[in-house]
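One structure is given below, encoded as structure tokens.
Note that these values count all heavy atoms, side chains included, but never hydrogens, waters or copies made by symmetry. So you know, we letter chains A, B, ... as the sequences are listed, proteins then strands, and number each from 1.
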There are 2 protein chains.
Amino acid sequence: MRDATLRDVASRAGVSIRTVSNVVNGYAPVSDALRAKVETALTELDYRPNLIARNLKQGRSGMLCLVVPELDVPYFAELARAVIAAGRRHGYAVMVDQTDADPSRERELLTRNSRLTLFDGLILSPLTLSAQELRERGNKTPVVLLGEHLFDGSFSHVAIDNVAAARDATAHLISLGRTRIAAIGDQPYRTGETAQLRTAGYRQALEHAGLPYDPALVRPTERFHRRLGATAATALMALPHPPDAIFCYNDLLAMGALRGLRSAGVRVPDDVAVIGIDGIEEGEFSTPSLSTVVPDKQQIATLAVESLVALIEGGTPPAPAEVRAAHTLLPRESTLGAI
Amino acid sequence: MRDATLRDVASRAGVSIRTVSNVVNGYAPVSDALRAKVETALTELDYRPNLIARNLKQGRSGMLCLVVPELDVPYFAELARAVIAAGRRHGYAVMVDQTDADPSRERELLTRNSRLTLFDGLILSPLTLSAQELRERGNKTPVVLLGEHLFDGSFSHVAIDNVAAARDATAHLISLGRTRIAAIGDQPYRTGETAQLRTAGYRQALEHAGLPYDPALVRPTERFHRRLGATAATALMALPHPPDAIFCYNDLLAMGALRGLRSAGVRVPDDVAVIGIDGIEEGEFSTPSLSTVVPDKQQIATLAVESLVALIEGGTPPAPAEVRAAHTLLPRESTLGAI
DNA sequence: CACGATGTCTGCATCGTTGCAGAGCGGTTA
DNA sequence: TAACCGCTCTGCAACGATGCAGACATCGTG
């Protein structure tokens with residue numbers, strides 16, 4: 001059966017539509033007698049407001065959309081939890097979508113009639129979208145970007161300092177006395193990528209310690225997944241001069257590396273120390289537990305939502321801001337050991 | 001600036017609103033001359049349709065909502081990916097929300113003016129909601145339930161056979177020659193829970209093998225998280241007669257158990273064999289890798305979306321169906337060893 | 001030339017809600 | 001008694017789109 005509308009309730013209660021609306025929303029003063037009649041009719045008809053109509057009238061939906069490449073990458077799942085919480089604090093429901101890390105899916109978001117129009121704002125963690133594509137989109141929903149990707153100043157944008165994070169991770173390995181430090185996760189073929197910033201940080205740390213940069217120790221990976229980490233670690237150990245430490249560009253690569261090393265009979269951290277970035281919970285329980293650099297996901301989420309809400313609600317849209325979130329080094333078993 | 005509407009485009013192109021709408025949607029035949037004029041105006045004004053208005057008129061949004069307790073529980077993240085894919089195949093965008101496993105958040109979904117009205121349908125994996133609460137909700141969006149929770153016949157519902165899954169897992173441990181088999185994850189205080197079905201399967205397997213049931217070996221846990229698995233495993237090993245195998249009610253508990261055992265100096269699988277349920281990718285890369293019972297997430301997602309779409313689009317709503325998805329035993333290192 | 005058939009295009013009503021302006025009414029004040 | 005106030009309540013218009021019925025022009029046919 002059709003849902004009851006304000007009109008149905010009004011005719012049943014013998015009042016005007018407007019009065020029913022007032023009762024439902026608690027707007028204007030309504031006499032007790034009428035209110036009672038209306039409320040009876042409301043429950044009898046099991047009325048519930050049509051939010052689409054309300055949204056149309058009010059020009060907003062109260063919903064934000066968070067788009068990440070892959071939800072089953074724990075970092076994004078943990079981030080999503082934080083963003084959902086931050087959204088709630090600002091009175092917005094956050095719905096999450098993923099693009100499967102598929103460029104065409106990412107571009108779909110920018111389409112004329114993307115479903116995103118239904119949302120008041122968009123928090124996007126892009127993987128392959130270029131700044132230009134984003135600027136030229138046929139879609140004016142307010143956007144805040146996550147991650148180090150594209151910062152040409154057109155959009156507000158929240159991220160940790162990836163160069164510093166990578167430097168900290170590498171420096172930590174160096175502080176253990178390791179000298180042949182490998183890196184897994186470079187992506188030299190993309191522009192503006194997180195990966196390249198992390199490579200820069202890695203090299204800075206080497207340089208600062210006076211260690212040589214050996215390109216053979218830097219393994220690119222197409223994506224940041226466990227399996228690729230395992231493969232890369234195995235390949236590294238097969239080198240004539242294998243490394244004594246590995247910096248992985250994220251924790252998932254590191255989890256794979258731990259596994260690959262173990263299968264190769266390499267002891268961690270005794271033979272090879274391993275560190276990642278992301279601070280996912282999984283690394284706390286692995287064997288050995290994983291040292292990592294933890295981005296402050298709470299802070300990232302809060303800053304992103306605050307920026308977005310400012311864009312949405314602000315009379316004068318604030319200038320696009322580049323916001324830095326904090327990160328912390330978290331040493332665990334995978335880098336245990338005296339200097 | 002205000003977004004351009006059909007009216008704006010129409011007045012600029014000197015045609016009727018209706019004609020612009022026809023051009024945008026490719027509905028009626030439009031002469032080339034007019035079409036060109038309209039399309040010029042469309043691009044000049046950067047028109048994009050207001051989906052809220054369209055949805056209001058058409059009475060549908062083309063979006064489904066998937067609600068899970070916690071996105072950072074890998075099983076749910078992996079399931080979400082499958083549901084999103086299945087939704088796309090049917091022409092729906094799937095947006096994901098989580099309740100933080102918070103009963104009040106779950107109940108919020110059923111509220112009069114829950115944001116869910118914006119969606120054409122709801123796929124819900126409830127944690128604490130009772131069947132009655134669901135039936136009495138003030139919200140008529142079509143629903144399909146996931147997981148073994150509440151099957152009083154009011155709703156369509158997709159799940160694996162949890163009793164059989166637990167039986168298979170336990171039987172696998174027994175087939176290794178283990179005789180003191182513990183269980184982590186019972187939840188005796190809730191009604192109709194997945195956990196209780198798994199306990200039933202566990203006991204069936206013991207009984208079938210003629211093994212005694214020892215309540216001391218069954219550890220309840222409030223939730224299915226790594227830390228609780230670690231704690232429970234540690235406690236089990238402190239018993240006067242510790243177990244030689246542990247069946248964990250999900251993989252996350254098992255990951256915690258592996259870690260707890262390792263910290264206690266227990267070797268897996270030599271001293272204690274471990275198995276979980278869920279088939280999360282994390283278990284493939286842990287040390288040791290985790291034996292598990294894998295629910296067919298693709299199938300669960302496909303069946304759930306198909307049921308929901310049938311509810312939404314079907315002229316005659318099909319009767320609520322109970323659908324069983326397949327599961328498979330996947331032995332890995334954590335249960336390696338001769339019988 | 002009259003007629004109907006076809007092909008384009010338009011205006012009105014409508015989806016369900018809320019904003020706005022004001023109607024009706026009882027009571028207070030001068 | 002007139003003027004005014006405040007409290008309730010109402011009707012109309014509007015949000016931006018689409019469904020529908022029909023207007024109008026053009027064309028072919030008898």
### Message
Under 4.0 Å, counting only non-hydrogen atoms across every strand here, what does B/Ser31 touch: a base, just sugar-phosphate, or nothing?
### Response
sugar-phosphate
### Query
Any idea which of D/dA17, C/dG11, D/dC15 is nearest the B/Arg18 side chain?
C/dG11
### Message
Using heavy-atom distances to pick each residue's nearest nucleotide on DNA chain C, tell me which of B/Gln58 and B/Ser16 is more 5'.
### Response
B/Ser16
### Query
How is A/Ile52 classified with respect to the nucleic acid when contacts are heavy atoms under 4.0 Å: base, sugar-phosphate, or nothing?
nothing
### Message
Distance check needed: D/dT8 P versus A/Lys37 NZ, whole Å only.
### Response
16 Å
### Task
Taking only the side-chain heavy atoms of A/Val15 (C-beta and beyond), determine which of D/dT10, C/dT10, C/dT17 contains the nearest atom.
D/dT10
### Task
Establish, from distance only, whether the side-chain atoms of B/Thr40 and B/Arg12 form a donor-acceptor pair under 3.5 Å.
no
### Query
Taking only N and O in the side chain of A/Thr19, is any of them less than 4.0 Å away from OP1 or OP2 of D/dT10?
yes
### Query
Going by atom types only, do A/Asp120 and A/Ser61 share a side-chain donor-acceptor pair under 3.5 Å?
yes
### Query
Which nucleotide in the list C/dC9, C/dT18, D/dA17 gets nearest to the side chain of B/Asn50?
D/dA17
### Query
B/Leu6 CG to C/dG11 P: how many Å, rounded?
14 Å
### Query
Will you find, in the side chains of B/Arg18 and B/Asn22, an N or O donor that is under 3.5 Å from an N or O acceptor?
yes
### Query
With respect to the side chain of A/Lys57, which nucleotide from D/dT18, C/dG16, D/dG16 is positioned closest?
C/dG16
### Message
Need one value for A/Asn25: base, sugar-phosphate or nothing, where a base atom within 4.0 Å counts as base even if backbone is also close, heavy atoms only.
### Response
sugar-phosphate
### Task
Measure distances between side-chain N and O atoms of B/Arg7 and base N and O atoms of D/dG16, and say whether any donor-acceptor pair falls under 3.5 Å.
no
#### Entry: B/Arg89 atom CZ: more than 12 heavy-atom contacts under 6.0 Å
yes
### Query
Between B/Asp8 (CG) and D/dG16 (P), how many Å, whole number?
8 Å
### Query
Which residue lies toward the 5' end of DNA chain C, B/Asn22 or B/Ala53, if each is placed at its nearest nucleotide?
B/Asn22
### Task
Output the single nucleotide from D/dC9, D/dT18, D/dG16 whose closest atom is nearest the side chain of B/Arg54.
D/dT18
### Query
What nucleotide among C/dT10, D/dT18, C/dT18 has an atom nearest to a side-chain atom of A/Ile17?
C/dT18
### Query
Does a nitrogen or oxygen in the side chain of B/Ser21 sit under 4.0 Å from OP1 or OP2 of D/dT18?
yes
### Task
Might you point out which heavy atoms bring B/Asn50 and B/Ile52 nearest each other, and give the distance in Å?
OD1-N, 2.8 Å
